[in-house]
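Okay, so here's the structure we're looking at.
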Amino acid sequence: MKEISIIAPNIKNGGGRELLEYLLSYIEQEYPHLTVYVYLDSSLANIKTTKNRRVFLLSSTLEKVLLFGRKTNNALYFGNLPPLVKSENSIVYFHNLYLLMSLKKLTKTSAKYFLHQFYIRCFIRNVDIVACQNEGVKDKFIEKYSFQNVELLPFFRLCDKNLLKVNAKKYDFCYVSLAHRHKNHHRLIEACEILSSENISFSLALTIEDGHEDLIKKIEHVNQRGKVNIVNLGKLPKEEVCTLYTQSKCLVFPSTEETFGLGLVEAVNMDVDVVASDLDYVYQAIEPSLVFDPNSSLDISLKMKKYLYGTVQKSKSKIDNKIGRLIKILTKESNV
């Protein structure tokens, strides 16, 4: 029986956790002959040991450092950072934009990302391949770290299209995203305020997590006008995200930076139109219905208005799921 390791103690929530859980479920279903050793942060205790999966929960920094200092072949380092020692047939899966930022930008964010960048420069050659999700990230990684063996291996879990048969549309727009700064919620809400001042009525569903009272107050202010109805559903599990897509006519996506843009692909798969930022990551994932300048609340409002009252093309996906190729590389199967 073949064995691989997935080393992911840096993953705790958000898109990384979604991808990790999908990867593990995919292996469970499609590769029952494969034994998988999974190393996780102790906060992911919901991921259990199964017949062919061995889960190890790490609670201390020392345990994680010792893990990265151990030679582990046929390993996927899922969480941006390579091991401290050379590992054969190993891959780093890279999906953090902060680790591509300049030092000047990082001083405004967090010193830890500078340390992580230094670490990557020192140890990235301990793996064979760096995998990433779009062409823009690939080019930036090669330039920043002078590491050439970078491969596009995007993977994603799509929603069940059978849900479309049982749910009716209730929102004109939705934006499925946690409220990180680059997700640009504040400009989207400002765009809604502009449309409300023009007496344009529509509904928008958001998924802002707890701890963003400033955005919630802005939403309440817009809703008080009575024209626009912004509903914050809070952080949703995957199943409820899929339901939200079926209940929405259009995904509005004002993010200024993405390593992939999973929501774009998910929405198009569920026959939802997309009005998004006029940025490379969007065009690398889909053909949007409309685009706007993400730094202009006015332009966002104009394109939302055009969607509501005009005729637009259907959005289309442009990206393939490479999860099968990723597993074949790790298992050294032929024809990879």
Side-chain angles (χ1 to χ4, degrees), residues 14-16 18-19 94-101 105 131-141 143 150 152-159 171-192 204-208 241-242 244-245 248-308 310-322:
E18 157 65 19
L19 288 177
F94 185 85
H95 49 88
N96 190 323
L97 287 170
Y98 290 110
L99 299 178
L100 295 174
M101 287 184 178
K105 288 186 177 180
C132 62
Q133 296 166 303
N134 72 32
E135 198 72 43
V137 171
K138 176 182 176 180
D139 292 344
K140 290 177 182 177
F141 190 95
E143 180 182 1
V150 183
L152 292 178
L153 292 171
F155 66 90
F156 41 85
R157 173 166 47 190
L158 298 176
C159 299
Y171 304 109
D172 295 295
F173 299 98
C174 70
Y175 183 27
V176 179
S177 174
L178 300 180
H180 302 304
R181 185 174 180 81
H182 67 276
K183 296 295 185 176
N184 213 14
H185 283 83
H186 65 290
R187 290 205 185 277
L188 176 58
I189 297 170
E190 287 173 2
C192 292
L204 166 66
L206 300 176
T207 58
I208 298 172
V241 167
C242 292
L244 176 57
Y245 286 132
S248 305
K249 298 176 184 177
C250 178
L251 172 73
V252 57
F253 205 87
S255 178
T256 58
E257 294 180 296
E258 293 291 326
T259 56
F260 179 42
L262 176 61
L264 301 171
V265 178
E266 288 177 332
V268 171
N269 176 69
M270 297 302 284
D271 297 327
V272 177
D273 293 322
V274 177
V275 179
S277 299
D278 186 10
L279 295 172
D280 286 345
Y281 78 82
V282 174
Y283 299 110
Q284 290 166 4
I286 65 165
E287 295 179 12
S289 298
L290 293 168
V291 293
F292 49 69
D293 177 359
N295 295 310
S296 170
S297 303
L298 176 60
D299 196 37
I300 297 173
S301 72
L302 290 173
K303 299 307 165 51
M304 292 174 70
K305 182 178 179 180
K306 183 174 181 179
Y307 180 81
L308 289 169
T311 301
V312 300
Q313 66 178 8
K314 291 295 293 181
S315 300
K316 300 177 183 178
S317 180
K318 296 170 61 178
I319 201 159
D320 296 323
N321 194 332
K322 298 292 184 67

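Inspection of the Tyr283 and Asp278 side chains reveals an N or O donor paired with an N or O acceptor under 3.5 Å. No donor-acceptor contact under 3.5 angstrom links the side chains of Tyr281 and Glu257, judged on distance only.
A side chain to side chain donor-acceptor pair (under 3.5 Å) with Glu258 is found for one member of His95, Gln284, Lys183 and no other, namely Lys183.
Taken as a pair, Cys174 and Cys250 fail the criterion of an SG-SG distance shorter than 2.5 angstrom.
Around atom NZ of Lys138, more than 12 heavy atoms belonging to other residues, nucleotides or ligands sit under 6.0 Å away.
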**Message:** What verdict does the side chain to side chain donor-acceptor pair (under 3.5 Å) test give for Gln313 and Ser289, after you've listed the backbone C-alpha separation in whole Å, the side-chain angles of each residue and the deciding distance to 0.1 Å?
**Reply:** CA-CA 5 Å; Gln313 66 178 8; Ser289 298; 6.0 Å; no
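Residues Leu290 and Lys306 form a side-chain contact, since some pair of their non-hydrogen atoms from C-beta on lies under 4.5 Å apart. Using a 4.5 Å heavy-atom threshold, the side chains of Lys314 and Glu287 count as separate. Inter-residue side-chain proximity for Cys192 and Met304 is flagged as met; some heavy-atom pair is nearer than 4.5 Å. Using a 4.5 Å cut-off on side-chain heavy atoms (C-beta onward), Val137 and Leu100 make contact.
The two residues Ser255 and Pro294 come nearest to each other via the heavy atoms O-CB, 4.5 Å.
Ring pair Phe253/Tyr175: centre-to-centre distance below 6.0 Å.
In this structure, Phe141 and Phe94 have perpendicular ring planes: the angle between them is above 60°, well past the 30° mark.
Checking side-chain atoms of Ser315 against main-chain N and O of Val274 turns up a donor-acceptor pair under 3.5 Å.
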